[in-house]
Amino acid sequence: MADAFDELDFEYATGVAEKAMLAIAEQRVPPTPNNFHVWFKYALGSPPELKRTINILIAGKRKFDTAANRDLFKTYVGSKATDDAVAHHVSQQLHGVMESARNFLSTAISDNRTQMKAISDVADRTEAGTDDPKVLIETLMSELAKAATRASKLEAGFAEKSRELDMIRESLSQSEERARTDTLTGLPNRRALEEFFRAAQAESMEKGQPLSALLIDIDHFKRFNDNFGHGVGDQVLKLVAKALRERVREIDLPARYGGEELIAVLPDTDLAGCTVVAERIRRALSECKITRRSTGQELPGITVSIGVGQFQFGESMDDLIERCDRALYQAKRTGRNRVVSELELEPEPTQATG
């Protein structure tokens, strides 16, 4: 994005900067470098998702506090470094293909001029009537044969470049998929989660629809690794991921949040509906029987603790997950193998002052 900024001329960039500073002042946002970067992009109108999100927050009279500013920067500026690196690599590949195509065209144009001159010479000699018609025909046939050969080579060259472009497109698609997928569970990863939540958050605020999330932690997961090895632990994690994936809708996003924690974001679902889904997942896993393939040994049952929360207007993903996390660990403290919603959270103890 810095390269794109550098391409702006002085007058235009100054105008955008003035709009950014005016918006920053109106919303009482501290004009730090990170915040200015966010609001410069907002004034520039790129990306559209950033402008849309900030407009929604302004319309909802959301205060741009430290947490909100940090989340905007992290979501729309900080996370772009990897995307920019991938884009740069693809740009280099495309530059090579286009350079080759340009060389092909230059050669074709040059050859075409040579051919047209040769055919024009034959036409002049025909009008003059000084050459044997047989020789003229043979000359003309020779030039046409050369033209056909050049056309075939040109077609083959462009076909090769077309295949290279297809390979670049496929490679880019696979790279994007890998960048958004957890290799162990096959679920979307943290990056995909952040992108999905960003869009779901904006839609929820724009349409006034509920948005909820559930956070899953495998009970006593360390015991599986310690007693049966990390291979069994991985299989347990895959099984929980499969149960999660199969019990959410296509419009929902199940993802690996980190370690033995999984998460699901459910658009257009309130807290009660999300709690029902969480309980369905918990019950299905508690009824599973797992056996070690190598020995036939029946392993301890799998149970999970789940925390559930509902998105509040204008908050960040971290805010929502923090409440889900508190609910999850309340489920752990009160016996595990249960679902706790944010409505059941015990009040946090207040710290004495002085």
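- For the 3.5 Å distance criterion, the side chains of R249 and T269 qualify, holding a donor opposite an acceptor.
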F197/L320 under side chain to side chain contact (heavy atoms under 4.5 Å, CB included): CA gap, chis, key distance, verdict
CA-CA 11 Å; F197 185 86; L320 173 58; 3.7 Å; yes
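- Rounded to the nearest 0.5 angstrom, R282 CZ and T275 OG1 are separated by 12.5 Å.
- Classification of E246 and K242 as a salt-bridged pair holds, one side-chain N sitting under 4.0 Å from a carboxylate O.
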Test I216 against I263 for side chain to side chain contact (heavy atoms under 4.5 Å, CB included), laying out the working first.
CA-CA 6 Å; I216 302 172; I263 192 170; over 6 Å; no
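- At least one side-chain heavy atom of L244 sits less than 4.5 Å from a side-chain heavy atom of V248.
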Test ring-ring contact (aromatic ring centres under 6.0 Å, His included) on F64 and W39; report intermediate values, then the result.
CA-CA 12 Å; F64 290 90; W39 287 86; 5.2 Å; yes
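- Contact detail for V308 and A278: the closest heavy-atom pair is CG2-CB, 3.8 Å.
- Screening L262, L266, V265 for a side chain to side chain contact (heavy atoms under 4.5 Å, CB included) with L214, the sole residue that qualifies is L266.
- Between the side chains of S305 and D219, at least one donor N or O lies within less than 3.5 Å of an accepting N or O.
- Residues E322 and E315 form no side-chain contact, since every pair of their non-hydrogen atoms from C-beta on lies 4.5 Å or further apart.
- Contact between G186 and T181 at its shortest, heavy atoms only, is O-CG2, 3.7 Å.
- Judged by distance alone, with hydrogens and angles left aside, the side-chain atoms of S286 form a donor-acceptor pair with the main-chain N or O of R283 at under 3.5 Å.
- When side chains are defined from C-beta on, V277 counts as touching R280, because their heavy atoms get closer than 4.5 Å.
- Residues L328 and V340 are members of separate hydrophobic clusters, defined by side-chain heavy-atom contacts under 4.5 angstrom among Ile, Leu, Val, Met, Phe, Trp and Tyr.
- Heavy atoms from other residues, nucleotides or ligands lying under 6.0 Å from NZ of K19 number 12 at most.
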Should L211 and Q310 be marked as a side chain to side chain contact (heavy atoms under 4.5 Å, CB included) after you check the CA-CA gap, both sets of side-chain angles, and the distance that decides it?
CA-CA 6 Å; L211 171 66; Q310 182 170 332; over 6 Å; no
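- Checking T66 against N69 by side-chain atom types alone, no donor-acceptor pair falls below 3.5 Å.
- Legend: salt bridge (charged side-chain N to carboxylate O under 4.0 Å, His left out) pairs involving residues 254-276, not counting sequence neighbours, sorted by first then second residue: D182-R256.
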F313 vs I56, side chain to side chain contact (heavy atoms under 4.5 Å, CB included): CA-CA, chis, key distance, verdict:
CA-CA 10 Å; F313 187 94; I56 291 171; 4.0 Å; yes
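- When all heavy atoms of S204 and P210 are compared, the pair lying nearest together is OG-C, 4.3 Å.
- In this structure, a donor-acceptor pair under 3.5 Å is present between the side chains of Y42 and N55.
- Taking 4.5 Å as the limit, every side-chain heavy atom of D319 sits out of range of all side-chain heavy atoms of Q312.
- Note on I58: it clusters hydrophobically with V38, by side-chain heavy-atom contacts below 4.5 Å among ILVMFWY residues.
- For the side chain to side chain contact (heavy atoms under 4.5 Å, CB included) with L285, the lone residue among N337, V304, T303 that qualifies is V304.
- Using a 4.0 Å cut-off between charged nitrogen and carboxylate oxygen, R223 and D226 do not count as a salt-bridge pair.
- You'll find the side chain of L184 reaches within 4.5 Å of the side chain of K238, heavy atoms only.
- No side-chain heavy atom of L237 sits under 4.5 Å from any side-chain heavy atom of F224.
- Panel note: side chain Q330, backbone E344; a donor-acceptor pair is recorded below 3.5 Å.
- Proximity of a side-chain donor or acceptor of R247 to a complementary backbone N or O of A243 within less than 3.5 Å is detected.
- Note that CD of E194 and CG of L253 are 11.5 Å apart. Values are rounded to the nearest 0.5 Å.
- Enclosure of atom CZ in R336 by more than 12 non-hydrogen atoms of other residues, nucleotides or ligands within 6.0 angstrom is indicated.
- L271 places a side-chain heavy atom less than 4.5 Å from the side chain of L343.
- Salt bridge annotation for R52-E203: absent, with no cationic side-chain nitrogen under 4.0 angstrom from a carboxylate oxygen.
- Under the ring-ring contact (aromatic ring centres under 6.0 Å, His included) criterion, F36 pairs with F40, sequence neighbours left out.
- Residues R338 and T334 have side chains in contact (heavy-atom distance under 4.5 Å, counting atoms from C-beta outward).
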